Structures are given as C-alpha cells and as structure tokens.
Amino acid sequence: MSKRKHEETAVSTKKPKTSGHWAKGLLQTMKDPEFVVNSDDSVTIIRDAYPKAEFHYLVLPMEDISSLKAVKKEHLSLLEHMEAVANDLIREDKHKHKDFKLGYHAEASMLRLHLHVISDDMNSACLKTKKHWNSFNTAFFINSTDVVQSLKQNGRVVLPGREQCKKFMEQQLQCHKCDYKPKNMPDLKGHILKHLRK
DNA sequence: GTTCTAGAAC
DNA sequence: GTTCTAGAAC
C-alpha cells in the first residue's frame, strides 16, 4: 500500500464552488441555481449550504453591501424589503408548521450582507459547535425588526462591540425552548429533539 | 464559514 | 481508552 490517503470515490454531497477566499463563498452560492430559491431585482434568496436547522435560508441584496457595518440610512427600504421577502418565504405552505427567526449575526464571517431565515427547531447535522449554537441563540443574533429600528433611529445599525460578541459566543449552553442547560453539544443536540414539533 | 486533529476532559 | 472542544489553516 502507498502512504497516500485513499482516493475519495463516492460522489460528494453538493457543495457550492469555493474558488477564491472562503469569505467570498456566498457570492458564489448566490450564482448557483442549485442553491437559489428565489430572487428579484434587488435581492436573492438562497438555501444555506450548511443549514443549522431543518429550514435555513439567506436573503442577500444584489447591491454590494459587505456587512451590517456598511449599511447606511439610504438602505432602509432595502432592509425592509429583505424582511418582507423573508416573511413571504416563511408563509409558504411547506413552512406552515414551523416557527422561524429572521435576523442578522452581529459579526458575520462571510461577505455580503445576509439575513438569516431559520426555523427554530435547530435540528441539523451541520449544527456542531457552541459557536454555531450561540450565534443563533444569544443576543449575537439580532432580529431583523431590531436592525431596521436601529437604522431608523440612528441612521446606522448600532452593534455590540468585539468583546461583547466574544462574550456571547462563550456563553454557557442554554436550550432555547426551556431552562435546561446542556453540559455539552451532544447533550444539547439530544435534548432539543424533545422539543421537535414538525 | 468549514475541516482537521491535538490534547483536554471525562 | 474514548469523547469532546478549540485553534490552525500559507
């Protein structure tokens, strides 16, 4: 036997092309018909390539807005439109029996502003780490309505600072539906199954 | 953002 | 010995 790792022969599960820096991945996914759910003149909706719940979509503007930090008051109607499009999506029949959260991460890793549209089951094989959990289930996740309100009131989106974000990510694991405090991720992933209601 | 894996935690 | 987390990735 050679020392080389065995060749992967199985067809890999669909992944978006990842040419260029990983932070630009969403820009590629936006162009991939496999992931695009819907779009109009100003926004595109895609399925998240690594969904953290049974339903997990992203709404992205066509305009090259890198993140919440780059959002200006002239983007107000765009952000309102992103929220409206997200609300239309979750009213579709296939989502009827699910509750959804609409919001932004306080600090995003991936380029291009994106609104998360995620069912609140948090039941997914892609949800693996404490950071994953806390990014959707602490104040690190900012509801779209609050982002829009902040933009209206301040002319920009007021965000928690770097240290505050770090604290959110290090927060003790907490079930989002009851007072249970899981001892680790496998414990949490087992626990949330009890709350499933499809 | 994910993958991989060393070494901490159990 | 096995499970689990957290940090590097050129």
Side-chain angles (χ1 to χ4, degrees), chain A residues 2-32 34-37 43-62 64-71 82 86 101-119 122-142 144 147 157 159-176 180-193:
Chain A
S2 79
K3 280 181 263 185
R4 195 191 333 166
K5 274 199 214 169
H6 80 278
E7 306 283 343
E8 187 55 75
T9 50
V11 178
S12 61
T13 52
K14 285 162 193 156
K15 281 189 194 175
K17 289 223 170 78
T18 178
S19 62
H21 192 275
W22 59 262
K24 294 181 178 175
L26 291 180
L27 305 180
Q28 291 291 330
T29 309
M30 283 177 80
K31 298 177 200 161
D32 188 338
E34 195 69 49
F35 288 88
V36 174
V37 171
V43 303
T44 297
I45 307 176
I46 60 174
R47 290 183 295 108
D48 192 296
Y50 298 89
K52 304 304 186 295
E54 291 178 18
F55 296 98
H56 187 184
Y57 306 95
L58 304 176
V59 181
L60 308 100
M62 301 297 195
D64 186 16
I65 302 167
S66 59
S67 75
L68 285 177
K69 287 178 185 169
V71 168
M82 288 168 67
K101 301 203 292 188
L102 313 186
Y104 298 83
H105 285 156
E107 258 177 358
S109 301
M110 309 280 278
L111 285 175
R112 185 59 59 88
L113 181 68
H114 52 284
L115 170 62
H116 289 274
V117 181
I118 186 167
S119 56
M122 304 310 291
N123 178 37
S124 167
C126 295
L127 198 162
K128 297 173 178 176
T129 69
K130 182 179 193 175
K131 189 175 174 180
H132 289 154
W133 183 263
N134 283 345
S135 73
F136 289 99
N137 296 290
T138 69
F140 188 85
F141 187 87
I142 311 174
S144 176
V147 166
V157 182
L159 298 164
R162 204 173 183 179
E163 282 305 307
Q164 185 62 68
C165 286
K166 202 173 142 191
K167 280 175 186 161
F168 292 144
M169 302 315 280
E170 289 167 356
Q171 222 166 281
Q172 176 184 33
L173 291 175
Q174 169 68 247
C175 176
H176 60 318
Y180 184 65
K181 292 175 173 50
K183 70 175 195 294
N184 57 32
M185 285 304 296
D187 185 20
L188 171 57
K189 290 180 67 67
H191 170 82
I192 60 175
L193 299 179

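Keep in mind the model is a prediction, meaning the values are calculated, not measured. Only this structure's heavy atoms are used, side chains among them; waters, hydrogens and symmetry mates stay out. Lettering follows sequence order; numbering is per chain, from 1.
The distance from the OG1 atom of A/Thr29 to the CG atom of A/Leu58 is 8.5 Å, given to the nearest 0.5 Å. The CD atom of A/Gln28 lies 11.0 Å from the CD1 atom of A/Ile46; values are rounded to the nearest 0.5 Å. Taking OG from A/Ser124 and OH from A/Tyr50, the interatomic distance works out to 12.0 Å, rounded to the nearest 0.5 Å.
Both the sub-6.0 Å distance and the 45° axial angle are not jointly satisfied by A/Lys101 relative to the ring of A/Phe136. For the pair A/Arg47 and A/Tyr57, the cation-pi criterion (under 6.0 Å, within 45° of the ring axis) is not fulfilled.
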Audit row: A/Asn123, A/Glu54, side chain to side chain donor-acceptor pair (under 3.5 Å) steps and yes/no: CA-CA 6 Å; A/Asn123 178 37; A/Glu54 291 178 18; 2.8 Å; yes
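A 4.0 Å heavy-atom criterion places the boundary nucleotides of DNA chain C facing chain A at C/dC4 to C/dT5, written 5' to 3'.
As judged by a 4.0 angstrom heavy-atom cut-off over every strand, A/Lys183 is placed among residues making no nucleic acid contact. A/His132 comes within 4.0 angstrom of the backbone, heavy atoms only, and of no base.
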5'-to-3' dot-bracket of DNA chain B (Watson-Crick, G-U; under 3.5 angstrom; crossing pairs as [ ]; | other strand): .|||||||||
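No side-chain heavy atom of A/Gln174 sits less than 4.5 Å from a side-chain heavy atom of A/Asn137.
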With a cut-off of 3.5 Å and sequence neighbours excluded, list every side-chain donor-acceptor pair involving residues 110-119 of chain A.
residue, atom, partner, partner atom, Å
A/Arg112, NH1, A/Pro61, O, 2.8
A/Arg112, NH1, A/Met62, O, 3.1
A/Arg112, NH2, A/Asp64, OD1, 3.4
A/His114, ND1, A/Arg112, O, 2.8
A/His116, ND1, A/His56, NE2, 2.9
A/His116, NE2, A/His105, ND1, 3.4
A/Ser119, OG, A/Phe55, N, 3.0
A/Ser119, OG, A/Phe55, O, 3.3
A/Ser119, OG, A/Asp121, OD2, 2.6

